[in-house]
Amino acid sequence: VLLGSLIAFRKLSHYWRTQGKILGSKGTTLTAVELHRFQAAVKVLDPELMRSSPDQYDSAYKNPCWQQDGELKCLPHFYVSGFHTGAGALARRLAKHPNVAMDASELSYWGPTWGFWSEYRNELGGYVSGIASKAGQKLRADPAHTLVMDGSMSTLAVYWAGSGKAHRGFSTAAVACWKGCDTENGGSSGPGYERCMEERCIPAGQRADHENAVKAGVHYSDLHMPMLMRAVYGARTPKFVFLLRNPVDRIFSAFFGLKSMWERYGNSSQGFQKFVAEQVGALRACASNHTEVACALYFESLSMREEKVFFHCDQLFRGMYAVYLNIWFRYFPREQFLIINSQDYFDSPRNTTRRVLNFLGLPDPPDEATWAAMEAAGPRQSGLAGREMVHGARRILSKLYRKHNEELAKLLGDERYLQWNSMDEGLRGATAMRATEPHHVGGCQHLEKSMALGSTAMQLVCVEWHVMSWWLAVAQHDTSCPSEQDVRDAAAMGEDIGSKPDWFRSGTAWEEHLC
């Protein structure tokens, strides 16, 4: 059957190729046959999506709408997204524009924070019917000029939790196995349960996921939400407005904007330090066995160690913009994206809003009263008044994001994103010491370890136990010896670090997991 299908598919290839090409990422082309292949794949990966998707759009509507069983159905014309980047405020402003019928993010299971495409429990049938129900009157009144927006903050970042629809094979197999582990061990906790999950359930989920990809006729690296979205939209692609904020500032804002974070770690800059230490340590542990990109995309599916991490390091991953934009550009034309540096929006919100409206083909608001109503609906919200990030936490995060910012600048052809690294470079310049030169800090000698252990391995000799904390270990995952500032950062945290991760067993464990 598979061989016959392949032969038939090859016979159709020439026809599809001659029917024109659909623009793809970075100026390349996504052929109609490739689009057809993705649509066939989604029928396997998430059948409900393709059952509810359009066969043909109604050309009378500027917004992607169609008639199905005598009823109007619609998808959003554009998406505005970004976690703690100003995207939420911008979306609320745009929702008040006279030509924007609604913000479809309200239809998601979790609301605007976690949107339709990111939540595996959302069904497309309810989404497109809900849009038509709430926005249908405005759309019908002016079909040539009225648009629907989705302002879900989650759309941009396509890490594991946001691509659940593409990984139903994993979740189905793992959940079925989990129930068995729960029954066998009298609950969902304890060494026996975790061993069962590690040895049976996670491998079963991984196998099922890869088998699903083979069955769907795509590579495993295609199992991401943007591929599903492209299959549903077909040749009529939406527009995307993504706001990108300095990832260090973004995560600081997110920490104090999320009650779950400061309830666990403390509503203070010291609490943020603990959060950074735990999360970066967990990411480094993951990256010791996988690539950092693999950790960013598949973290909690890799092992029980990662699955147990608080919120699966998602706040760290949300600032790795190039990882996700590379995936988006694989399935959608580059010209469908407007990428905004959040600082532009913070410095000049009205001018940036005009830029967005121009990109969407919408007119400026007709009068000052409309502008005022839009701006009142979307003021910038920040919980950082009077808060200052501790120097050590900023150093660690700056090091983490440095190469991601470089990749972003290269991907977008915009060197301004390299400015996010300028603070880190300044700190390194002020504290760097030659790696080959022994030096003394606090009466303890620090020596470079043998190069036989790798260029990033380092031995810290005779450092006090509380100073040689795993916080300092995280701080020193490069080739420079620890500076006086590094030791002061570690000593300042001292015993207030809190519980140590499972891998922290001895004074040298950090070398194995972080270096």
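Scope of the values below: all heavy atoms of this structure, side chains included, with no hydrogens, waters or symmetry mates.
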> With distance as the sole criterion, is a donor-acceptor pair present between the side chains of N341 and Y417 under 3.5 Å?
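No - no donor-acceptor pair under 3.5 Å links their side chains.
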> Counting neighbours of NZ on K403 that are heavy atoms of other residues, nucleotides or ligands and sit closer than 6.0 Å, is the number greater than 12?
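Yes - once you tally the heavy atoms of other residues, nucleotides and ligands closer than 6.0 Å, there are more than 12.
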> I want to check a possible cation-pi pair here: R230 against F38, using under 6.0 Å from ring centre and within 45° of the ring axis as the test.
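That pair does not qualify as a cation-pi contact.
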> Apply side chain to side chain contact (heavy atoms under 4.5 Å, CB included) to the pair K73 and S129, showing each step before the final yes or no.
CA-CA 6 Å; K73 311 285 185 181; S129 295; 2.8 Å; yes
> Could you please spell out the steps behind the side chain to side chain contact (heavy atoms under 4.5 Å, CB included) verdict for R330 and N326?
CA-CA 6 Å; R330 194 189 307 169; N326 268 312; 6.0 Å; no
> Starting from the C-alpha separation in whole Å, work towards a yes-or-no answer on side chain to side chain contact (heavy atoms under 4.5 Å, CB included) for M149 and H97.
CA-CA 11 Å; M149 172 186 71; H97 189 280; over 6 Å; no
> May I ask you to decide if S152's main-chain N or O and S81's side chain share a donor-acceptor pair within less than 3.5 Å?
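The answer is yes, because a donor-acceptor pair under 3.5 Å joins these two groups.
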> In terms of ring plane angle, is the pair F275 and F272 parallel, tilted or perpendicular, where the classes change at 30° and 60°?
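Ring orientation, 0 to 90° scale: tilted.
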> Answer with yes or no after comparing the ring centroid distance for F299 and Y159 against a 6.0 Å cut-off, counting only values under it.
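No, the ring centres sit 6.0 Å or more apart.
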> Any idea how H210 and Y220 line up, ring-wise: parallel (<30°), tilted (30 to 60°), or perpendicular (>60°)?
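Parallel, since the angle between the ring planes stays under 30°.
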> We want to know whether R250 and Q315 form a side-chain donor-acceptor pair, criterion being a heavy-atom distance below 3.5 angstrom.
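Judged by distance alone, the side chains do pair up.
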> CZ/R92 to CE/M374 distance, rounded to the nearest 0.5 angstrom?
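Rounded to the nearest 0.5 Å, the CZ-CE separation comes out at 13.0 Å.
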> With a distance cut-off below 6.0 Å to the six-membered ring centre and an angular limit of 45° from the axis, does R387 pair with F252 as a cation-pi contact?
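Judged by the rule, R387 and F252 form no cation-pi pair.
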> Counting heavy atoms not belonging to E263, are there more than 12 under 6.0 Å from its CD?
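Enclosed.
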> Could you walk me through whether L360 and N99 pass side chain to side chain contact (heavy atoms under 4.5 Å, CB included), step by step?
CA-CA 11 Å; L360 298 173; N99 294 102; over 6 Å; no
> For P226, does its backbone N or O pair with a side-chain atom of H224 as donor and acceptor, under 3.5 Å?
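No.
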> Is it the case that over 12 heavy atoms from other parts of the model lie below 6.0 angstrom from the CD atom of Q137?
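It does not: Q137 CD has 12 such atoms or fewer within range.
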> Mind checking the CZ-CD1 spacing from R284 to I396? Nearest 0.5 Å is all I need.
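Result: 9.0 Å between the selected atoms.
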> Is there a side-chain contact between V232 and W117 (heavy atoms, below 4.5 Å)?
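The answer is yes; the side chains approach within 4.5 Å.
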> Are V323 and H404 close enough that some pair of their side-chain heavy atoms sits under 4.5 Å apart?
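Yes, their side chains come closer than 4.5 Å.
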> NZ of K43: more than 12 outside heavy atoms within 6.0 angstrom?
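No, NZ of K43 has 12 or fewer neighbouring heavy atoms, counting only those of other groups under 6.0 Å.
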> Centroid-to-centroid, F332 to Y233, below 6.0 Å?
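F332 vs Y233: aromatic centres not under 6.0 Å.
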> Does P54 offer a backbone N or O that forms a donor-acceptor pair with the side chain of Q68 under 3.5 Å?
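Checking the backbone N and O of P54 against the side chain of Q68, no donor-acceptor pair under 3.5 Å is found.
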> Taking atom types as modelled and ignoring hydrogens, do the side chains of E34 and T31 form a donor-acceptor contact shorter than 3.5 angstrom?
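Result is yes, a qualifying pair exists.
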> Are D314 and R318 ion-paired here, with the side-chain N under 4.0 Å from a carboxylate O?
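Between R318 and D314 there is a salt bridge, with a charged N closer than 4.0 Å to a carboxylate O.
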> Do you see a donor-acceptor pair shorter than 3.5 Å between the side chains of Y298 and D209?
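No, because no side-chain N or O of Y298 sits under 3.5 Å from a partner of the opposite role on D209.
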> For N63, does its backbone N or O pair with a side-chain atom of R236 as donor and acceptor, under 3.5 Å?
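Checking the backbone N and O of N63 against the side chain of R236, a donor-acceptor pair under 3.5 Å is found.
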> Testing Y321, Y324, F359, W328 for ring pair (Phe, Tyr, Trp, His ring centres under 6.0 Å) with F242, which one passes?
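When ring pair (Phe, Tyr, Trp, His ring centres under 6.0 Å) is applied between F242 and each of Y321, Y324, F359, W328, only W328 qualifies.
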> Within the distance-only criterion (no hydrogens, no angle test), does the side chain of H312 pair as donor or acceptor with the backbone N or O of E307 below 3.5 angstrom?
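It does hold such a pair.
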> Classify the ring geometry between F337 and F240 as parallel (under 30°), tilted (30 to 60°) or perpendicular (over 60°).
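If you compare the ring of F337 with that of F240, the planes turn out parallel.
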> Look at the side chain of S154 and the backbone N and O of G115, then say whether any donor-acceptor pair between them is shorter than 3.5 Å.
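Between the backbone of G115 and the side chain of S154 there is a qualifying donor-acceptor contact (under 3.5 Å).
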> Y401 side chain to L316 main-chain N or O, any donor-acceptor pair under 3.5 Å?
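Answer holds: yes.
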> Does atom CG of D367 have more than 12 heavy-atom neighbours from other groups under 6.0 Å away?
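Yes - once you tally the heavy atoms of other residues, nucleotides and ligands closer than 6.0 Å, there are more than 12.
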> Which pair of non-hydrogen atoms, one from L35 and one from G234, has the smallest distance, and what is that distance?
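Looks like CD2-C, 3.7 Å.
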> For D249, does its backbone N or O pair with a side-chain atom of S253 as donor and acceptor, under 3.5 Å?
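No, because the side chain of S253 does not come within donor-acceptor range (under 3.5 Å) of the backbone of D249.
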> Report yes if the side chains of H167 and Y120 come closer than 4.5 Å at any heavy-atom pair, otherwise no.
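In short, these two side chains do not touch, never coming nearer than 4.5 Å.
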> Hey, are the side chains of L75 and P238 touching, using non-hydrogen atoms and a 4.5 Å cut-off?
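Contact flag for L75/P238 side chains = no.
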> Is it the case that the side chain of S53 and the backbone of M50 share a donor-acceptor pair, with hydrogens and angles ignored and the cut-off at 3.5 Å?
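Checking the backbone N and O of M50 against the side chain of S53, a donor-acceptor pair under 3.5 Å is found.
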> Run the salt-bridge test on D103 and K96 with the 4.0 Å N-O cut-off and return the result as yes or no.
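Looking at K96 together with D103, the answer is no, because their closest N to O distance does not fall below 4.0 Å.
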> For F311, is the CZ atom crowded, meaning more than 12 foreign heavy atoms sit under 6.0 Å from it?
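Counting other residues, nucleotides and ligands, CZ of F311 stays at 12 neighbours or fewer.
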> How many angstroms lie between atom CD1 of I131 and atom CG of L72, to the nearest 0.5 angstrom?
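CG of L72 is found 10.0 Å from CD1 of I131.
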> Let's test your reading of the model: do C286 and C313 have SG atoms under 2.5 angstrom apart?
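Unbridged: C286 and C313.
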> Before we go on, tell me: are the rings of F170 and W160 under 6.0 Å apart, centre to centre?
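Yes - the distance between ring centres of F170 and W160 falls below the 6.0 Å cut-off.
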> Between atom OG of S342 and atom CG of L243, what is the distance when rounded to the nearest 0.5 Å?
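One finds 4.5 Å between OG of S342 and CG of L243.
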> Strictly distance-based, threshold 3.5 Å: is any side-chain N or O of D69 a donor or acceptor partner for the main-chain N or O of E71?
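Absent.
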> CD of Q67 to OH of Y57: how many Å apart, nearest 0.5 Å?
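Spacing of CD (Q67) from OH (Y57) equals 13.5 Å.
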> Give a yes or no on whether a salt bridge exists between R350 and E368, defined as a side-chain N under 4.0 angstrom from a carboxylate O.
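Answer for the salt bridge query: yes.
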> Is atom NE2 of H145 surrounded by more than 12 heavy atoms (other residues, nucleotides or ligands) closer than 6.0 Å?
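Result for NE2/H145: open.
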